[in-house]
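Here the structure is laid out as structure tokens; the discussion comes afterwards.
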Number of protein chains: 2
Amino acid sequence: MKYQELANILKENIDDGSYHETGKLPTEEQLVEQYGVSKYCVRNAISILVEFGLVYLVQGSGMYIRESKREGCMSLRNTRGVTAELKGHSVKTRVVHLEIISADERIASRMKCKTGTPVYYIIRARSVDGVPLSVEYTYYNQEIVPVIDEKIAEGSLFGYIKKDLGLNISFADKILRADKLTKEAAELLELEAGDPAVIVEDDAYLSNGQMFNASVVYYNYKTAKFFELAEIK
Amino acid sequence: MKYQELANILKENIDDGSYHETGKLPTEEQLVEQYGVSKYCVRNAISILVEFGLVYLVQGSGMYIRESKREGCMSLRNTRGVTAELKGHSVKTRVVHLEIISADERIASRMKCKTGTPVYYIIRARSVDGVPLSVEYTYYNQEIVPVIDEKIAEGSLFGYIKKDLGLNISFADKILRADKLTKEAAELLELEAGDPAVIVEDDAYLSNGQMFNASVVYYNYKTAKFFELAEIK
DNA sequence: TAGTGGTCTAGACCACAAA
DNA sequence: TTGTGGTCTAGACCACTAT
């Protein structure tokens, strides 16, 4: 994809400070000429930069560089796994619990599967640079993901499903709220029961529309921050 | 814009259940023919639906309808104001405090303006159907927004800035976390000090790149939920 | 009025999914 | 193999900004 490559080039240029003097990108026309691609590619590349919050556009005026303060924050939109998100830090995952259970009504409804379907129930605790970050309670439909062992669960489960199983993960619904920590989650986060937590409920789907994973993650309120870029129209 | 109109039509069709039987939209080619527009328009329209989480695309297969459980949830990405977001409910805004102050160093750094710049400092409390939803602490640069009175602050400030002042609001950076409520915020939310809260810090910019508004909003953990759609690539 | 981003068309060809 | 979404081009014209 030409436009993805162009986006990468422009991203590097921005990081290099190549456009620092003017604070804006070359015009569409100039980019078309410089890189020998069509306007379609240029606009597609730019829209990637916009999505990442690197650039904002003003019709009739130009494409301006925008620096955002996402440092140390996690993205809610680009699910690339915590490890990739917080690179440069030591992210460790500990598997607290791992078993296969038979879906009761509650779980079946949550997982959009039949009661009795075998599902993995996994509890994982994550830490960043030695500080607890999150506790995750997650279910995987075993009919879709046949094998998960402790070693696999210590790494990126999404990565495993994509690369090793060859399944196409497509999208996820997330619901985000705050609540008091349960005693159990508090212990794993080295906090007190009743302390606040950001809670993210996550339903993940394959490209065929099947839900394969449902999870609830409790985040350490002292360290976890999320960022979001909103376009206002 | 043809593609925006087409998106609206398709959105209605989806709500009507016109595509219920197959669970998917007509093919791109069919839409091109049916609506007499180019593929460009069709794809732009579809990408709006994708952004809203109404549809997901599978290359080589089709465009599938996707229902998400955003009911009662607020969006972090599409900042249209709480009132529009939660329509069907009675959203009330009470202005707790409103004054003009001179930016000290801390505020000037936060607002990216010079110390001494006059800024509005406003505290607002919102309720939905009589239940407290949020407490907002917000600053507006008075050099950009010259006049805010209590009546204006009771309504949509963004709407006022856009429609009445004719300024172009472009984008916002948000940081999201959880923390314990202060005593003051707890009182306004009818909760206890130390109770959890989702906290959203918001920096809003005009299309010329100027920041005009910074705010911190504390949400009632018993009622406030946010949703987010993540695409996984 | 000139510069620059946004919309739209027509058409070619590629990549992936499903039968 | 056929259907369907994804990429890419060339070119016309519109809408907004800045001067």
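Hydrogens, waters and symmetry mates play no part in the numbers below; they use all other heavy atoms, side chains included. Below, chain A is the first sequence line, B the second, and so on; all start at residue 1.
Straight-line distance from the CD atom of B:Glu28 to the P atom of D:dG5: 5 Å, rounded to whole Å. Between the C1' atom of D:dT17 and the OH atom of A:Tyr56 lies a distance of 13 Å, rounded to the nearest Å. Note: CD (A:Gln30) to C1' (C:dT4) measures 10 Å, nearest angstrom. For the pair B:Leu57 CG and D:dG6 C1', the computed distance is 10 Å after rounding to whole Å. D:dG6 atom P lies 9 Å from atom CD1 of B:Ile46, rounded to whole Å. One can place CD1 of B:Ile48 at 14 Å from P of C:dG6, the figure rounded to the nearest angstrom.
Under a 4.0 Å N-O distance rule, the pair B:Arg77/B:Glu228 qualifies as a salt bridge.
Among residues two or more places apart in sequence or in another chain, the side-chain contact (heavy atoms from CB on, under 4.5 Å) test is passed with B:Thr27 by B:Glu29, B:Gln30. Residues passing the side chain to side chain donor-acceptor pair (under 3.5 Å) test with A:Glu99 are A:His97, sequence neighbours excluded. With sequence neighbours left out, B:Ser215 forms a side chain to side chain donor-acceptor pair (under 3.5 Å) with no residue at all. Residues passing the side-chain contact (heavy atoms from CB on, under 4.5 Å) test with A:Leu98, sequence neighbours excluded: A:Val95, A:Tyr120, A:Ile122, A:Ile148, A:Ala153. In terms of the side-chain contact (heavy atoms from CB on, under 4.5 Å) criterion, A:Glu33 has no residue partners (sequence neighbours excluded). Among residues two or more places apart in sequence or in another chain, the side-chain contact (heavy atoms from CB on, under 4.5 Å) test is passed with B:Thr22 by B:Lys24.
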Would you give a per-nucleotide map of nucleotides 7-13 of chain D, 5' to 3', where B means the base has a protein non-hydrogen atom under 4.0 Å away, S means only the sugar-phosphate does, and - means neither? BBB----
Are there any protein N/O atoms within less than 3.5 Å of an N/O atom in nucleotides 17-19 of chain C, and if so, which ones and at what distance?
from, atom 1, to, atom 2, distance (Å)
C:dA17, OP1, A:Asn168, ND2, 3.4
C:dA17, O4', B:Gly60, O, 3.4

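Among residue pairs with one or both ends in residues 38-67 of chain B, those qualifying as salt bridge (charged side-chain N to carboxylate O under 4.0 Å, His left out) are A:Asp173-B:Arg66, B:Glu28-B:Lys39, B:Glu28-B:Arg43; sequence neighbours excluded.
Rounded to the nearest 0.5 Å, atoms CG (A:Asp202) and NZ (A:Lys174) are 4.0 Å apart.
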Pairs of donor and acceptor atoms involving the side chains of residues 105-114 of chain A, under 3.5 Å and at least two apart or interchain, shall be tabulated with distances.
from, atom 1, to, atom 2, distance (Å)
A:Arg110, NH2, A:Asp203, OD1, 2.8
A:Lys112, NZ, A:Tyr205, OH, 2.7

Taking distance alone, no hydrogens or angles, what donor-acceptor pairs closer than 3.5 Å link side-chain atoms of residues 9-20 of chain B to residues at least two apart or in another chain?
from, atom 1, to, atom 2, distance (Å)
B:Asn13, ND2, B:Tyr19, OH, 2.9
B:Asn13, ND2, B:Tyr35, OH, 3.3
B:Ser18, OG, B:Asn13, O, 3.2

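Applying a 4.0 Å cut-off to non-hydrogen atoms, none of the residues of residues 6-17 of chain B approaches DNA chain D.
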